[in-house]
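Below you'll find the structure, written out as structure tokens, and then a few comments.
Note that ligands are numbered from 1 as they come in the structure, with each ligand's atoms numbered from 1 the same way.
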Amino acid sequence: MSNSSQKIPIIIDCDPGQDDALMLFLALNAPELDVRGVVACGGNVPLARTELNCRILVEMAGRLDVPVFAGCDGPMVEQLFTAEYLHGETGIDGIDFFEPTIKKRDQHGVDFIIETLRAADVDEITLVPTGPLTNIAMALRKAPDILPKIKQIVLMGGASFEGGNVTPSAEFNIYVDPHAADVVMRCGRPIVMFGLDVTHQVMTDPQLVADIRSLDNKVAHASAGMLDFFGQYDAAKYSAEGGPLHDPCTIAWLLEPSIFDLKPCHVAIETTSKLTRGHTAVDFWGVTENTPNVEWAFKANKQRFFALLIERLAQY
Ligand code: RIB
Ligand code: CA
């Protein structure tokens with residue numbers, strides 16, 4: 001799946017989250033992208049906060065033209081599990097809070113996804129989910145006719161050799177809503193998947209945060225403040241100097257795909273076991289007869305990734 005030279009029309013679905021915030025900043029000033037809308041889901045923090053955070057971040061990026069919607073407040077079957085322990089009570093701790101002027105759209109985020117896809121051409125719209133996959137799965141369940149309109153789903157989630165970050169078996173986004181992830185994995189549309197195996201290759205560090213802060217614009221200062229906070233928990237957990245920049249990998253791939261190495265793999269989701277709920281069974285070595293349903297990202301060029309991030313944040 002490569003990108004055309006025209007603007008790539010995308011819908012972002014996310015749960016800010018400091019790393020979702022950096023993903024939004026990377027997307028919202030990219031001339032290559034046509035961001036049709038941002039949909040919030042319950043995830044890192046409850047929906048009321050992720051929806052507010054989306055409006056704060058879209059406004060901070062100066063994109064009052066991009067509509068923000070609230071989607072589902074929790075998983076399809078499981079109870080919502082949130083991560084204030086990592087992201088703080090607001091979900092974007094580290095930013096100077098302000099009440100945004102952008103108002104939440106009345107339309108439900110799932111209905112926005114459906115409406116936008118129904119109005120699109122075949123193979124036109126890229127979906128970029130970086131939180132639990134509830135809204136994407138609910139749109140596919142409610143309106144299966146939208147499937148041919150999805151060009152690709154470029155998502156952050158899952159883990160293979162790296163192990164989980166919420167349980168030994170599961171990564172957060174998939175753990176929170178394994179049933180939604182199962183629906184998406186089986187949907188038959190092209191999927192590009194950035195799991196912990198690759199996001200743990202793009203760990204922040206104090207020098208990077210200082211370089212971002214030295215860009216000396218509002219978005220850069222907000223990014224540095226959030227990364228200072230975001231790195232604390234994971235730095236201790238992984239004995240590292242910072243945290244993994246999970247969600248921006250999706251947009252970085254759209255902007256500069258050669259930063260990453262991908263491999264076609266079959267990925268299945270554990271939805272029944274209590275012990276391994278949300279496990280992504282990534283058939284990296286092709287040991288099953290299953291046809292690959294995902295392009296699995298397994299390698300990142302860290303230097304080029306952060307160079308892209310700095311280059312784009314500097315343009316705010
Ligand atoms: O496991 C990392 C993922 O969970 C990221 O998307 C982070 O924002 C959280 O949603
Ligand atoms: Ca996220």
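Ring centroids of Phe69 and His108 are separated by 6.0 Å or more, keeping the two rings apart. Between Tyr238 and His200, the ring centre distance stays below 6.0 Å.
Note: Trp285 and Phe161 have tilted aromatic rings, judged against thresholds of 30 and 60 degrees for the angle between ring planes.
Inclusion of Met156 in the first shell of the Ca ion (ligand 2) is not supported: no N, O or S atom falls under 3.0 Å. Taking 3.0 Å as the criterion, Asp15 counts as a coordinating residue of the Ca ion (ligand 2), since one of its N, O or S atoms falls below it.
Judged by the 6.0 Å distance and 45° axis criteria, Arg105 is not positioned over the aromatic ring of Phe112.
Using a 4.0 Å cut-off to heavy atoms of Asp20, the atoms of ligand 1 that qualify are 8 (O). Near Thr130, meaning under 4.0 Å from one of its heavy atoms, ligand 1 places the atoms 6 (O), 10 (O). The atoms of ligand 1 that sit less than 4.0 Å from any heavy atom of Asn44 are 7 (C), 8 (O), 9 (C), 10 (O). Short contacts between ligand 1 and Phe172, defined as distances under 4.0 Å to a heavy atom of the residue, involve ligand atoms 1 (O), 4 (O), 9 (C), 10 (O). Atom numbering of ligand 1 starts at 1 in the shown order; those under 4.0 Å from a heavy atom of Asp19 are 5 (C), 6 (O), 7 (C), 8 (O). Residue contact check: Glu171 has heavy atoms under 4.0 Å from atoms 1 (O), 2 (C), 3 (C), 4 (O) of ligand 1.
Protein heavy atom nearest atom 6 (O) of ligand 1, with residue, atom name and distance: Asp247 OD1, 2.6 Å.
Ligand 1 has no nitrogen or oxygen under 3.5 angstrom from a nitrogen or oxygen of His246. Inclusion of His87 in the set of residues having an N or O under 3.5 Å from an N or O of ligand 1 is not warranted.
When the heavy atoms of Asn173, Leu22, Ile174 are ranked by distance to atom 4 (O) of ligand 1, first place goes to Asn173.
With Thr82 contributing its side chain and Glu84 its backbone, the two residues share no donor-acceptor pair below 3.5 Å.
Residue Ile191 is tested with Asn293, Ile150, Leu127, Leu155 for a side-chain contact (heavy atoms from CB on, under 4.5 Å); the sole match is Leu155. Of the listed residues (Phe194, Phe260, Phe284), just one forms a ring pair (Phe, Tyr, Trp, His ring centres under 6.0 Å) with Phe298, and that residue is Phe284.
Residue contacts with ligand 1 for Thr199 are absent, since no atom lies close enough (heavy atoms, distance under 4.0 Å).
Contact record, Ala70 with Lys104: CB-CD, 3.6 Å, taken as the closest heavy-atom pair.
In this structure, OD2 of Asp20 and OD2 of Asp247 enclose an angle of 70° at the Ca ion (ligand 2), rounded to 10°.
There is a side-chain donor-acceptor pair under 3.5 Å between Asn44 and Asp20.
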